[in-house]
K.L.:
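Sharing a structure here in structure tokens format.
Residue numbers start from 1 in every chain, and the chains themselves are labelled A, B, ... in the order their sequence lines are given, proteins ahead of strands. Computed from heavy atoms alone, side chains included, the values below leave out hydrogens, waters and symmetry copies.
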Number of protein chains: 2
Amino acid sequence: MVDQQLVTKGTTGKLRRPKLTPVSQVACTKCGLSRLCLPATMDSPQLKTFEKIVHKTRPLQNGDHLFRVADDFTDIYAVRSGCFKTYVVDAAGREQVLGFHLAGELLGLDAIYQSVHVSNATALGTSSVCKLQYDEVTTLSQQMPELQNHMFHLLSRRISDLSAAAADHTADERMAAFLLSLASRFKARGYSSKEFNLAMSRSDIANYLRLATETVSRVLARFQKKGLIKVDRKLVQLLDKDALCKAAGTAAW
Amino acid sequence: MVDQQLVTKGTTGKLRRPKLTPVSQVACTKCGLSRLCLPATMDSPQLKTFEKIVHKTRPLQNGDHLFRVADDFTDIYAVRSGCFKTYVVDAAGREQVLGFHLAGELLGLDAIYQSVHVSNATALGTSSVCKLQYDEVTTLSQQMPELQNHMFHLLSRRISDLSAAAADHTADERMAAFLLSLASRFKARGYSSKEFNLAMSRSDIANYLRLATETVSRVLARFQKKGLIKVDRKLVQLLDKDALCKAAGTAAW
DNA sequence: CGGTATTTTGACTATGATCAATTATAGTGG
DNA sequence: CCACTATAATTGATCATAGTCAAAATACCG
């Protein structure tokens, strides 16, 4: 694999990461929770109240678990930095990746109705979260319609996303849709939507997309040959988004 | 893997074992809403208040649409009788069935965050629903913690179900799991869990399970030959649930 | 009944999985 | 800094599950 121009040959991916631009006016000072996981309509005093139930935690290292199946459910987590993967292990011991969660996204929502975690969450690289005690969230939601509403929206959105992901698509479509999804989420966070690092391994991607690792490799190679993307290890550049959208079988992103 | 920290003194008085939310004795007199879609802890006066926001509608005929993509989202629907299917149509015109919804189950939850429907819902056979104006639900949730909690639970449960359905399984596993899911839902509604009618066509089932219609036919035939089930047209009898569970790759239901 | 829908069955095919081998990459300790 | 190892990613060859195409059988409905 001959790659001529690497802006920086990566001992660390951090150096070359596109700069962050602040997204929201309001932000939780305590943990940097951006607008992405906060109600848009919160004013200052509300924010202050809200901050009281947000608890910082120390960062997790690659592979560390945030929670596991059957753990007591007491807290919701908001990703502060890094990336987490959630997964389950079925009766036959096969792992199934349920999702990847970037900064500003919530973890553990599937545990609410059973008061027990039904999935595992593990850090991909050094990552951190904010902790929100669930009963404090519900209590506060009683007083703050905006928060209640926001919770409904977040849950609804996850339902919608999962529905979309459940659809029947070819390997190429799924891969293209996956890359575009990452792009749009990075963009929403102020990062480049054309170039980003994959926090997860090929086999995690494969598992998430219900493909074999080899297929992921091949599809990426094929996309590259067709000029849709450029891949170098973890770094992905989207060269032709329109074509990618077409490959994904979706309207423009 | 599975921790043994199951001995936890409760921080709250809540049940925390993996089981369904407790069911209530009460039922909405107005539309027959069963305990399945009502908060378990509602008492009589609360129920009366709740009933005020429940609106009966006239039954729909087979194929009638309850809502379509891009329709304004104003109401949540609770299935009163019959069965509904929700689906989307992708850019290429392919239909994707998202789910089947039996009495007591809610419809339209994926529309909350966009205030617009993102899926279509159509009746399978003559079916009816109750209508709940969404902003009345949220307003009432502010005053009734039980209702808010119930909404969170329902949304969380749907997330959990969708996650499970998204997993990568063989045709046999998916079919077995599908039959068992129906069985358990019928049982929860007081119907037989061993014998029931399929409200949906083979091709709807196939689409939902991401299989070809022909494959559904073949799998059902295979199951019958192996003595797991008996199928006659729409009527299904589960003859050997244990074997079905094994075929589904799940623990007993 | 007669005509249309749906379902089933059979033959063949293709997409993506599996198996196997090779090449990169990241970590570790001398 | 460089072997040395373990892990991850890629590439090739072959296989199998489920899809597609085609046709027959069965159910549905006026």
Side-chain angles (χ1 to χ4, degrees), chain A residues 1-3 6 8-15 61-63 85 92 94-97 122 124-126 167-179 197-225 229-236 247 249, chain B residues 61-63 85 92 94-97 124-126 167-178 197-225 229-236 247 249:
Chain A
M1 177 179 297
V2 205
D3 60 322
L6 254 180
T8 57
K9 54 186 84 152
T11 39
T12 60
K14 274 147 221 154
L15 286 177
Q61 299 307 312
N62 185 36
K85 113 180 155 182
R94 292 173 301 190
E95 179 176 321
Q96 173 68 50
V97 175
T122 180
L124 301 175
T126 306
D168 188 25
H169 291 300
T170 63
D172 284 29
E173 288 171 339
R174 281 214 277 275
M175 195 68 224
F178 176 69
L179 293 174
N197 275 292
L198 301 171
M200 64 296 287
S201 68
R202 298 287 193 270
S203 73
D204 278 341
I205 296 174
N207 188 304
Y208 173 63
L209 299 178
R210 291 175 252 127
L211 300 171
T213 313
E214 294 93 325
T215 303
V216 167
S217 253
R218 282 186 250 263
V219 172
L220 288 176
R222 209 179 307 150
F223 281 0
Q224 175 156 265
K225 192 142 68 183
I229 62 171
K230 185 164 184 320
V231 215
D232 175 46
R233 196 105 196 93
K234 298 279 186 189
L235 182 69
V236 176
Chain B
Q61 298 308 312
N62 185 36
K85 111 179 157 184
R94 292 172 301 188
E95 179 176 321
Q96 173 68 49
V97 174
L124 301 175
T126 306
D168 189 26
H169 291 300
T170 65
D172 284 29
E173 287 171 339
R174 280 213 278 274
M175 195 67 225
F178 176 68
N197 275 292
L198 301 171
M200 63 297 286
S201 69
R202 298 286 194 269
S203 75
D204 279 341
I205 296 173
N207 188 305
Y208 173 63
L209 298 177
R210 292 176 253 126
L211 300 171
T213 311
E214 295 92 327
T215 304
V216 167
S217 252
R218 282 187 251 264
V219 173
L220 287 176
R222 210 180 306 150
F223 280 2
Q224 177 156 263
K225 192 143 69 185
I229 62 171
K230 186 164 182 324
V231 214
D232 174 44
R233 199 96 201 98
K234 299 278 186 190
L235 182 68
V236 178

K.L.:
How many Å lie between CG on A:D172 and P on C:dT15, as a whole number?
P.N.:
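Distance check: A:D172 CG to C:dT15 P gives 10 Å.
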K.L.:
Does OP1 or OP2 of D:dT10 have a side-chain N or O of A:R202 closer than 4.0 Å?
P.N.:
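A:R202 to D:dT10 OP1/OP2: side-chain N or O found under 4.0 Å.
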K.L.:
At what distance, to the nearest 0.5 angstrom, does CG of B:L198 lie from CG of B:L235?
P.N.:
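The CG atom of B:L198 sits 8.0 Å away from the CG atom of B:L235.
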K.L.:
State, with a plain yes or no, whether a side-chain heavy atom of B:D204 is found less than 4.5 Å away from one of B:E95.
P.N.:
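Of all side-chain heavy-atom pairs linking B:E95 with B:D204, at least one is under 4.5 Å.
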K.L.:
Output the rounded distance in Å from CE (B:M175) to P (D:dA18).
P.N.:
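Nearest whole value for this atom pair: 13 Å.
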K.L.:
Which whole-number value in Å describes the distance from B:N62 CG to D:dC28 C1'?
P.N.:
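Nearest whole value for this atom pair: 12 Å.
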K.L.:
As an exercise, state the distance from CZ of B:R210 to NE2 of A:H169, rounded to the nearest 0.5 Å.
P.N.:
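These two atoms lie 10.0 Å from each other.
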K.L.:
Which pair of heavy atoms, one from A:R202 and one from A:V231, lies closest together, and at what distance?
P.N.:
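Looks like NH2-CG1, 3.9 Å.
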K.L.:
How many Å lie between NE2 on B:H169 and C1' on D:dA18, as a whole number?
P.N.:
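B:H169 atom NE2 is separated from D:dA18 atom C1' by 16 Å.
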K.L.:
Could you pull out all residues at least two apart from A:R94 that satisfy side-chain hydrogen bond (donor to acceptor under 3.5 Å, both in side chains)?
P.N.:
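Result, side-chain hydrogen bond (donor to acceptor under 3.5 Å, both in side chains) vs A:R94: A:D90, B:E173.
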K.L.:
Can you tell me if the side-chain N/O atoms of A:K234 get under 4.0 Å from OP1 or OP2 in D:dA9?
P.N.:
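Result: yes.
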K.L.:
Please state how far atom CZ in B:R233 lies from atom P in D:dT26, giving the value in whole angstrom units.
P.N.:
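Checked: the CZ to P distance equals 12 Å.
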K.L.:
In whole angstrom, what separates B:N207's CG from C:dT6's C1'?
P.N.:
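Rounded to the whole Å, the gap is 16 Å.
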K.L.:
Between atom CD1 of A:I205 and atom CG of A:L211, what is the distance when rounded to the nearest 0.5 Å?
P.N.:
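Rounded to the nearest 0.5 Å, the CD1-CG separation comes out at 10.5 Å.
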K.L.:
Could you tell me the separation between the CZ atom of A:R222 and the OG atom of A:S217, rounded to the nearest 0.5 Å?
P.N.:
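With rounding to 0.5 Å, CZ (A:R222) is 11.0 Å from OG (A:S217).
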K.L.:
In whole angstrom, give the distance that lies between atom CG of A:D232 and atom P of C:dA24.
P.N.:
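About 13 Å, once rounded to whole Å.
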K.L.:
Just label D:dA25 as syn or anti from its O4'-C1'-N9-C4 or O4'-C1'-N1-C2 angle, using within 90° of 0 for syn.
P.N.:
anti
K.L.:
Rounded off to whole Å, could you give me the CG-to-C1' distance for the B:D168 and C:dT18 pair?
P.N.:
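Checked: the CG to C1' distance equals 14 Å.
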K.L.:
Once you round to the nearest 0.5 Å, how far does CE of A:M175 lie from CZ of A:R218?
P.N.:
14.0 Å
K.L.:
Report the distance from atom CG of B:L220 to atom CZ of B:F223, rounding to the nearest 0.5 Å.
P.N.:
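B:L220 atom CG to B:F223 atom CZ measures 7.5 Å (nearest 0.5 Å).
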K.L.:
Kindly calculate the angle separating the two end axes of the helix from C:dT6-D:dA25 to C:dG30-D:dC1, each obtained from five base pairs, and round it to 10 degrees.
P.N.:
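The angle separating the two end axes equals 50°.
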K.L.:
Give, ordered by number, those residues of residues 209-224 of chain B having at least one heavy-atom distance below 4.0 Å to an atom of DNA chain C; if nothing qualifies, reply none.
P.N.:
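Under 4.0 Å from DNA chain C: B:E214, B:S217, B:R218, B:A221.
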